[in-house]
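Below you'll find the structure, written out as structure tokens, and then a few comments.
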Amino acid sequence: MVGLLCAGLLRWLPLRGRAEGLPPAGVAAVRGGSKAALAVVVVELHLAGVLDVDRHGRLKRVVHGSPGRDGTPLHRAARSAFGRALSWADAAAAPAVRRACEEVRVDLVGRELRCGRVRLVTAGLTALAAGVVALVAAAQGAAPTGVPVAVVALGVLLAPVRTLAGRRLLRDLRRRHPAPGATGAGAVGPEEAGLLTALYGRRALRRLLPDFAAASGLLGGRAGRETVARSGGGPYEGSSALS
């Protein structure tokens with residue numbers, strides 16, 4: 001139990017983090033990681049008139065202007081990647097996009113909204129050890145105690161990488177920004193659309209940008225899985241999307 005408690009503390013603390021100045025892409029990364037962050041950036045660039053989708057479901061930059069006042073390194077990396085037509089999933093494999101996503105991850109760890117890799121590994125190994133001990137105890141006749149401990153250990157291993165501070169951030173933002181179509185939700189402007197996508201993912205996209213999201217593969221489907229290799233090769237041929 002002591003080991004499991006230590007794993008939980010490593011995995012979920014602190015209770016409060018620093019959310020000041022966090023852009024919608026950062027909020028999305030708290031919720032769903034790098035691919036969620038890139039999806040928000042794609043939506044924001046599209047609403048700014050920077051990106052459009054072709055009939056093959058590939059995205060391409062259509063103007064060369066600024067990504068807007070909320071532009072981040074991830075916005076700039078995405079604009080660069082979409083200098084040629086490719087799927088958003090392939091854009092996630094572009095080196096500049098991967099570096100920008102890593103910067104987002106490091107920033108979230110520094111803000112204590114996401115569990116860092118060292119803490120994550122340490123907590124996972126500690127929870128795994130506690131789970132194994134609990135299963136051994138259950139096999140030796142202490143099932144009423146061992147099985148619940150093993151279940152909790154599995155929960156620690158499978159939990160999202162956000163801390164309790166990250167969970168609190170999402171909860172507070174969702175309270176202030178209801179999902180599109182929910183009771184009390186008002187009209188949505190371009191700036192709000194990015195944040196709603198960050199908070200609710202595909203649920204928001206289906207209400208706000210159903211045609212664009214479906215055509216570009218943001219809702220899943222074939223367009224999101226097409227690779228640069230299938231469209232004639234390129235600098236990212238054969239690469240896979242970020243997980």
Side-chain angles (χ1 to χ4, degrees), residues 1-20 22 24-40 74 89 92-93 97-177 179 197-204 219-220 224-225 240-243:
M1 286 298 293
V2 174
L4 192 56
L5 177 61
C6 291
L9 292 175
L10 282 170
R11 184 63 186 75
W12 287 306
L13 288 182
L15 297 174
R16 293 181 180 274
R18 294 182 294 102
E20 297 80 7
L22 187 66
V27 174
V30 173
R31 176 183 60 81
S34 298
K35 291 183 73 173
L38 180 59
V40 168
L74 184 52
V97 174
R98 292 175 66 93
R99 287 193 297 270
C101 286
E102 177 64 12
E103 289 180 19
V104 173
R105 186 195 69 81
V106 171
D107 180 54
L108 294 179
V109 172
R111 291 172 178 268
E112 299 185 316
L113 299 173
R114 177 183 171 120
C115 186
R117 287 174 177 167
V118 174
R119 286 179 57 189
L120 191 63
V121 171
T122 304
L125 291 176
T126 303
L128 181 62
V132 170
V133 171
L135 289 175
V136 171
Q140 294 176 347
T145 301
V147 172
V149 172
V151 170
V152 173
L154 182 62
V156 173
L157 288 170
L158 299 180
V161 296
R162 53 182 173 267
T163 63
L164 289 175
R167 292 170 61 90
R168 182 174 183 171
L169 170 68
L170 295 178
R171 182 193 65 206
D172 291 346
L173 286 174
R174 284 169 176 159
R175 185 173 61 248
R176 298 199 300 269
H177 303 272
T197 302
L199 290 172
Y200 300 103
R202 292 180 179 179
R203 178 183 175 187
L219 296 180
R225 297 195 301 269
S240 60
L242 285 172
S243 60

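- Between Ala165 and Gly17, the shortest heavy-atom distance links the atoms CB-N, 3.3 Å.
- In Arg174, the CZ atom is crowded: over 12 heavy atoms of neighbouring residues, nucleotides or ligands sit closer than 6.0 Å.
- The structure places CG of Asp107 at 12.0 Å from CG of Leu74, a figure rounded to the nearest 0.5 Å.
- The two residues Leu199 and His177 have their closest heavy-atom pair at CD1-CB, 4.0 Å.
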*Take Arg162 and Leu169 through the side chain to side chain contact (heavy atoms under 4.5 Å, CB included) test and state the conclusion after the steps.*
CA-CA 10 Å; Arg162 53 182 173 267; Leu169 170 68; over 6 Å; no
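- For Arg31 against Gly201, the heavy-atom pair with the smallest separation is NH2-CA, 3.6 Å.
- Using modelled atom types, no side-chain atom of Arg114 and backbone atom of Gly33 make a donor-acceptor pair closer than 3.5 Å.
- Expressed to the nearest 0.5 Å, how far CZ of Arg111 lies from CG of Leu108 amounts to 7.5 Å.
- Distance CG/Leu113 to CG/Leu164: 11.5 Å, rounded to 0.5 Å.
- When all heavy atoms of Leu120 and Cys115 are compared, the closest pair comes out as N-SG, 3.6 Å.
- Formation of a donor-acceptor pair under 3.5 Å by the Arg119 side chain with backbone atoms of Leu13 is found in this model.
- Contact detail for Ala93 and Arg98: the closest heavy-atom pair is O-CD, 3.4 Å.
- Val156 and Ala127 make their closest contact through CG1-CB, 3.8 Å (heavy atoms, listed as atom of the first residue, atom of the second, distance).
- Contact check on Glu102 versus Arg117 returns a salt bridge, with a Lys/Arg side-chain nitrogen under 4.0 Å from an Asp/Glu carboxylate oxygen.
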*Could you walk me through whether Arg175 and Asp172 pass the side chain to side chain contact (heavy atoms under 4.5 Å, CB included) check?*
CA-CA 5 Å; Arg175 185 173 61 248; Asp172 291 346; 3.2 Å; yes
